[in-house]
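A quick note: this is a predicted structure, and the numbers were derived from the prediction, not measured. Residue numbering restarts at 1 for every chain, and letters A, B, ... go by the order of the sequence lines.
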Number of protein chains: 2
Amino acid sequence: MTAKATYHHGDLRNALVETATELVRAGGGESFSLRDAAAKLGVSANATYRHFDSKSALLTAVADVGAEKLGQKMRRKVAEAERQNERGDATTLAIAWFKATGRAYVAFAIEEPEIFRVMYGPHGVCQYARARAGQPPADPTGALILGEAVDRLVSAGVIGPENRAGGDVRAWTVFHGFSSAVVEGASYFPTKAARGQALEELLDFTLRGLGATMLTA
Amino acid sequence: MTAKATYHHGDLRNALVETATELVRAGGGESFSLRDAAAKLGVSANATYRHFDSKSALLTAVADVGAEKLGQKMRRKVAEAERQNERGDATTLAIAWFKATGRAYVAFAIEEPEIFRVMYGPHGVCQYARARAGQPPADPTGALILGEAVDRLVSAGVIGPENRAGGDVRAWTVFHGFSSAVVEGASYFPTKAARGQALEELLDFTLRGLGATMLTA
DNA sequence: GCCGCATGTTCACGGTGTCAACGTCGGAGG
DNA sequence: CCTCCGACGTTGACACCGTGAACATGCGGC
């Protein structure tokens with residue numbers, strides 16, 4: 001933006017996060033190098049230390065914006081689902097909401113596998129939360145929206161109130177497990193369609209596990 | 001064993017894998033260094049290249065023995081469950097079997113978090129399988145035993161035959177998601193008991209998702 | 001207009017994975 | 001029994017990495 005070709009960069013911090021994100025996306029978090037990122041911005045490697053304590057801290061920032069993007073994606077997909085089912089009853093809507101969160105989570109992991117890996121790797125969101133214990137983790141959005149989705153299932157009577165507590169965590173476990181499996185290649189799906197179908201079956205599986213008897217949306 | 005204090009080591013390959021496993025266990029796969037491992041064995045760093053193409057290959061080997069240990073643990077726990085329920089009916093036994101696999105998987109992740117991370121990281125089992133595409137992945141045992149557990153659920157009538165296909169993958173998804181969450185610290189449990197209870201609830205959740213109406217074991 | 005301090009730079013160090021060329025033995029073939 | 005060869009390990013070197021310390025630059029407030 002205000003990129004003056006001068007000694008001072010202007011907004012190096014954000015530029016670094018952005019470039020680092022790009023590099024991670026391209027080559028993975030393992031091969032990412034501080035010097036590369038700096039060089040790509042025409043800046044000396046040590047300049048980064050004015051904005052981040054370490055390479056790890058920069059990767060943590062990358063993970064943070066990743067977490068935020070994930071949250072946004074979940075919000076967006078849920079809003080979209082709501083729009084498409086605006087004429088449906090509460091049950092349909094609640095199920096659509098819930099499934100949208102799961103689809104969004106998995107979709108993010110598929111679109112941004114390397115970022116996803118960093119987010120849940122040693123520099124990621126969780127480590128971040130642990131390091132600054134007391135402060136909230138980087139992405140409350142995702143967790144909150146999932147909690148809200150489960151609340152809606154309860155309100156609509158899709159699942160019993162006894163399944164509210166911990167329901168969001170269990171759902172997250174499934175979504176994350178599937179995403180992780182896909183990203184790491186643990187579960188191989190020959191086609192996109194096969195993977196999609198597996199996900200849909202998994203969503204039904206999850207709803208059933210939460211105590212739902214009605215699964216369609 | 002036959003550790004002659006001579007020029008030639010005797011069994012450097014296995015010694016390297018063992019030492020690497022130890023170092024990873026202690027300091028994590030990120031900080032693991034080839035030179036450290038070699039030094040610990042009183043051997044030059046480049047000696048490793050007679051047995052492994054790269055550092056990554058060595059870590060892959062570490063992941064492989066990890067996968068094998070995981071498989072063994074699952075076998076052992078299942079056998080134990082079978083012994084404890086030898087007087088139970090087929091239903092009880094099938095459920096006990098199934099739950100034992102899940103508990104074993106999670107227990108391994110908790111006992112060996114760093115190895116677990118390496119196993120599902122960039123050098124891990126899945127990458128390994130992909131690299132040598134065509135060859136089976138390092139650990140068929142875990143997958144096989146889980147498949148057998150689901151088969152037993154079907155045979156005992158705990159779940160319907162329509163839930164057999166993909167049931168093992170879905171169960172694995174849950175187990176792995178929970179393990180991953182615990183290892184990465186995404187889900188924090190204040191006490192071991194709380195974590196244990198969450199796992200038990202998750203096992204019931206999984207069975208319900210698979211279509212079971214009876215959950216006790 | 002000057003000066004302080006945030007921001008970048010340069011120089012330096014120890015450590016890492018890996019390549020190339022060279023030693024050293026143990027075991028097979030005469 | 002000797003010889004030699006190939007598997008195994010060594011040394012030296014290189015490029016790259018994260019990071020610390022000391023120095024340079026120039027924008028914003030007095």
Side-chain angles (χ1 to χ4, degrees), chain A residues 1-24 26-63 114 118 121-124 127 131, chain B residues 1-24 26-63 114 118 121-124 127 131:
Chain A
M1 287 297 181
T2 44
K4 313 172 186 180
T6 67
Y7 192 89
H8 287 67
H9 182 282
D11 188 19
L12 189 63
R13 182 174 218 282
N14 290 331
L16 271 173
V17 175
E18 199 172 322
T19 303
T21 300
E22 228 167 279
L23 288 177
V24 166
E30 291 250 311
S31 71
F32 166 74
S33 129
L34 215 55
R35 290 168 121 103
D36 273 2
K40 199 164 183 184
L41 290 169
V43 141
S44 96
N46 275 335
T48 61
Y49 284 88
R50 294 289 165 194
H51 304 277
F52 299 96
D53 283 347
S54 65
K55 171 187 180 178
S56 182
L58 175 51
L59 284 177
T60 298
V62 169
E114 296 298 346
V118 169
H123 315 284
Q127 192 78 7
Chain B
M1 288 297 180
T2 45
K4 312 172 185 177
T6 67
Y7 194 88
H8 287 68
H9 183 281
D11 188 19
L12 190 63
R13 181 174 219 284
N14 290 332
L16 271 173
V17 175
E18 200 171 323
T19 303
T21 300
E22 228 167 279
L23 288 177
V24 167
E30 290 252 310
S31 70
F32 166 74
S33 128
L34 215 57
R35 290 168 123 103
D36 274 1
K40 199 166 183 183
L41 289 170
V43 142
S44 96
N46 275 333
T48 60
Y49 284 88
R50 293 288 164 195
H51 304 278
F52 298 96
D53 284 345
S54 65
K55 172 187 180 180
S56 182
L58 175 51
L59 283 177
T60 299
V62 169
E114 296 297 345
V118 169
H123 316 284
Q127 193 77 7

With [X] via side chain to side chain donor-acceptor pair (under 3.5 Å) - residues at least two apart:
X: A/Ser31; answer: none
X: B/Ser44; answer: none
X: A/Asn46; answer: none

Take the protein atom [atom1] of [X] and the nucleotide atom [atom2] of [N], then report the distance between them rounded to whole Å.
X: B/Asp11; N: D/dG9; atom1: CG; atom2: P; value: 10 Å
X: A/Leu16; N: D/dG18; atom1: CG; atom2: P; value: 12 Å
X: B/Leu59; N: C/dT16; atom1: CG; atom2: C1'; value: 14 Å
X: B/Lys55; N: C/dC19; atom1: NZ; atom2: P; value: 14 Å
X: B/Phe52; N: C/dC19; atom1: CZ; atom2: P; value: 16 Å

Does any residue of residues 28-40 of chain A have a heavy atom under 4.0 Å from DNA chain D, and if so, which ones, in number order?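 The stretch gives A/Phe32, A/Ser33, A/Leu34, A/Arg35, A/Asp36 as the residues lying under 4.0 Å from the strand, ordered by number.
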Taking only the side-chain nitrogens and oxygens of A/His51, find out if one of them lies under 4.0 Å from OP1 or OP2 of C/dA6.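 Looking at the OP1 and OP2 atoms of C/dA6, neither is under 4.0 Å from any side-chain N or O of A/His51.
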Going by the rule salt bridge (Lys or Arg N to Asp or Glu O under 4.0 Å), which residues pair with B/Glu30 if we only count those two or more places apart in sequence or in a different chain? none
Please tell me whether B/Ser56 and B/His123 have a donor and an acceptor in their side chains that are separated by less than 3.5 angstrom.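 Per modelled atom types, B/Ser56 and B/His123 side chains form a pair under 3.5 Å.
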Under 3.5 Å, which donor-acceptor pairs do the side chains of residues 33-40 of chain B form with other protein atoms, sequence neighbours left out?
unit_1, atom_1, unit_2, atom_2, d
B/Ser33, OG, B/Arg35, N, 3.2
B/Ser33, OG, B/Asp36, N, 3.0
B/Lys40, NZ, B/Glu22, OE2, 3.3

Going by salt bridge (Lys or Arg N to Asp or Glu O under 4.0 Å), name the pairs with one or both residues in residues 45-60 of chain B, residues two or more places apart or in two chains. none
Could you list the protein-to-nucleotides 20-22 of chain D atom pairs, N/O on both sides, closer than 3.5 Å?
unit_1, atom_1, unit_2, atom_2, d
D/dG20, O6, A/Asn46, ND2, 2.0
D/dA21, N6, A/Asn46, ND2, 3.3

Take B/Val62 and B/Phe32 through the test side chain to side chain contact (heavy atoms under 4.5 Å, CB included) and record every step on the way to the result. CA-CA 12 Å; B/Val62 169; B/Phe32 166 74; over 6 Å; no
